[in-house]
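The structure appears right after this line, and notes come after that.
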Amino acid sequence: MAASVATSPACTRLIPSSPLSASAYTAAPSLVRLAGSSRRLRRALRVSAAAEPADALPGPGAGDLDGVVPAGLLEELPEGLAFQGDVGGGFAPGGSGGGGDDGNKMLDRGINAAIVLGASTCALTKLLTVDQDYWHGWTIFEILRYMPEHNWSAYEEALKANPVLAKMMISGVVYSLGDWIAQCYEGKPIFEFDRTRMFRSGLVGFTLHGSLSHYYYHFCESLFPFKDWWAVPVKVAFDQTAWSALWNSIYFVALGFLRWESPSTIYKELKATFFPMLTAGWKLWPFAHLITYGVVPIEQRLLWVDSVELIWVTILSTYSNEKSEARILDDSSTTDTQDNNSR
């Protein structure tokens, strides 16, 4: 049985000359220690060494060892090295099997699929059964015909009963969907999204965007109560300077705290993304807000804005998480470099 071991000079030490013939080796072989190896692996290695005492193959690190490593001398391997072979079911880099990672991925996919399918089923059921108390004798055509109108009536009743809560729920759903779309846009498969990241975005949308937007639109109307045509571009300009700058900063800072980042880190990342986020909004919102302030009634504005937010949250979430992930990668590479230098 042949074995191939990759190691570094830091993980080796010289041992007395091997019982193998001098023609097989030109220098004294190195002893590689296999830390934490299973009894099954050691037993298999001993059996292999007894059956074929002179069978040893040079591994990828043979140049570092100035020779080869006899299979019979394999006892311990430093943590982090990989042993390639069929013994014990095989090993993945870092000494851990790849089956566990595959199992975790399948579990994550199952949980994500259950979340998506469950939320979709709940939403569709709620929309389709809005008239279930009046279905007696109704045909399918009548149900589908009145469903949009009666759902809209139910939404308006919810706005009258508790406008802030209704808008908070809409924003929470939109910001969750927006982050999911952002993750898919970044290249993640549809059921392999980061649930924690999506929950953070939805939480910010629910707790902050819905309530703050409700009060902002009323404040904007009181600040510019004019009904002339020129009031619309004035409101759009105010929205895309003062309000956009404020809300983008709130969203970015809130996500940073939910990621347990330090205030100094949040400030640095916000400073780097503030103007790119603000100017990115100018490519979308001025056109949308001509409708917001020129056509849509004040109580319905957030619903229209949240419909456009599906695109905008994708941009916001991408900006925010790109900076955070880039910083994490930089910190990780810096730590690895320092560890290597200390060695």
Side-chain angles (χ1 to χ4, degrees), residues 112-182 184 190 193 195 198-222 232 235 239 243 247 250-251 254 284-285 287-314 316-317:
N112 291 345
I115 292 174
V116 173
L117 295 177
S120 301
T121 302
C122 180
L124 288 175
T125 301
K126 189 72 175 176
L127 292 173
L128 292 173
T129 59
V130 65
D131 293 321
Q132 62 179 343
D133 294 335
Y134 311 100
W135 277 356
H136 305 291
W138 281 26
T139 63
I140 297 296
F141 175 77
E142 289 174 326
I143 293 174
L144 296 177
R145 175 187 175 185
Y146 292 108
M147 180 187 65
E149 178 184 349
H150 292 176
N151 273 297
W152 181 259
S153 299
Y155 167 69
E156 288 186 325
E157 290 176 3
L159 282 179
K160 293 177 182 178
N162 198 332
V164 177
L165 180 60
K167 294 173 183 178
M168 288 172 64
M169 294 181 66
I170 292 172
S171 291
V173 172
V174 167
Y175 270 68
S176 299
L177 286 175
D179 186 80
W180 182 31
I181 295 172
C184 294
I190 190 171
F193 57 88
R195 294 188 300 275
M198 187 178 71
F199 173 77
R200 286 195 297 258
S201 182
L203 183 62
V204 173
F206 175 78
T207 57
L208 296 175
H209 183 262
S211 55
L212 293 179
S213 295
H214 168 78
Y215 294 111
Y216 161 72
Y217 288 122
H218 283 82
F219 169 75
C220 187
E221 285 300 310
S222 63
V232 173
K235 293 175 184 177
D239 185 289
W243 172 243
W247 170 244
I250 291 174
Y251 178 81
L284 171 67
W285 284 113
F287 307 100
H289 281 327
L290 290 176
I291 300 176
T292 303
Y293 296 104
V295 178
V296 182
I298 186 171
E299 286 300 324
Q300 311 296 343
R301 283 178 184 172
L302 187 61
L303 181 62
W304 158 252
V305 169
D306 277 341
S307 300
V308 185
E309 286 271 6
L310 283 174
I311 302 173
W312 177 237
V313 173
T314 302
L316 268 183
S317 180

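Numbering of residues begins at 1 and proceeds along the displayed sequence.
- Contact between S171 and D306 at its shortest, heavy atoms only, is OG-OD2, 3.1 Å.
- Judged as a side chain to side chain donor-acceptor pair (under 3.5 Å), and not counting sequence neighbours, the contacts of W247 are Y175.
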Could you list the donor-acceptor pairs under 3.5 angstrom formed by side chains in residues 139-149, with sequence neighbours left out?
| from | atom 1 | to | atom 2 | distance (Å) |
| --- | --- | --- | --- | --- |
| T139 | OG1 | E142 | N | 3.2 |
| E142 | OE1 | T139 | N | 2.9 |

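- Between Q132 atom CD and T125 atom OG1 the span is 10.0 Å, to the nearest 0.5 Å.
- Take W152 and apply the side chain to side chain donor-acceptor pair (under 3.5 Å) test, not counting sequence neighbours, and it matches E156.
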(request) Evaluate the criterion side chain to side chain contact (heavy atoms under 4.5 Å, CB included) for residue pair K167 and E299; output intermediate values, then yes/no. (result) CA-CA 10 Å; K167 294 173 183 178; E299 286 300 324; 3.3 Å; yes
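- When all heavy atoms of L302 and G210 are compared, the closest pair comes out as CD2-O, 3.9 Å.
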(request) Applying side chain to side chain contact (heavy atoms under 4.5 Å, CB included), run through V305 and W312 and close with a yes or a no. (result) CA-CA 10 Å; V305 169; W312 177 237; over 6 Å; no
(message) Go through it in stages, so that I can follow the logic: the residues are V173 and F206, the test is side chain to side chain contact (heavy atoms under 4.5 Å, CB included), and I'd like the CA-CA distance, side-chain angles, deciding distance and then a yes or no.
(response) CA-CA 8 Å; V173 172; F206 175 78; over 6 Å; no
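- M198 and S176 make their closest contact through CG-O, 3.3 Å (heavy atoms, listed as atom of the first residue, atom of the second, distance).
- Between V308 and W285, some side-chain heavy-atom pair lies under the 4.5 Å cut-off.
- Residues Q300 and L159 form a side-chain contact, since some pair of their non-hydrogen atoms from C-beta on lies under 4.5 Å apart.
- Taking the side chain to side chain donor-acceptor pair (under 3.5 Å) definition, one finds that T292 meets it with H289, W304, sequence neighbours left out.
- Shown here for Y293 and V232, the closest heavy-atom pair between the two residues is O-CG2, 3.8 Å.
- Nearest approach of H150 to W138, heavy atoms of both residues: CE1-CH2, 4.3 Å.
- With sequence neighbours excluded, the residues forming a side chain to side chain contact (heavy atoms under 4.5 Å, CB included) with L203 are F199, T207, L258, listed by chain and number.
- Annotation: side chain to side chain donor-acceptor pair (under 3.5 Å) contacts of S213 (sequence neighbours excluded): H209.
- For the atom pair C184 SG and D179 CG, the distance stands at 9.5 Å (nearest 0.5 Å).
- Closest of all the heavy-atom pairs between L127 and N151 is O-ND2, 2.9 Å.
- Under the 4.5 Å side-chain criterion, counting only non-hydrogen atoms from C-beta, E221 is in contact with K235.
- Using a 4.5 Å heavy-atom threshold, the side chains of L212 and W243 count as touching.
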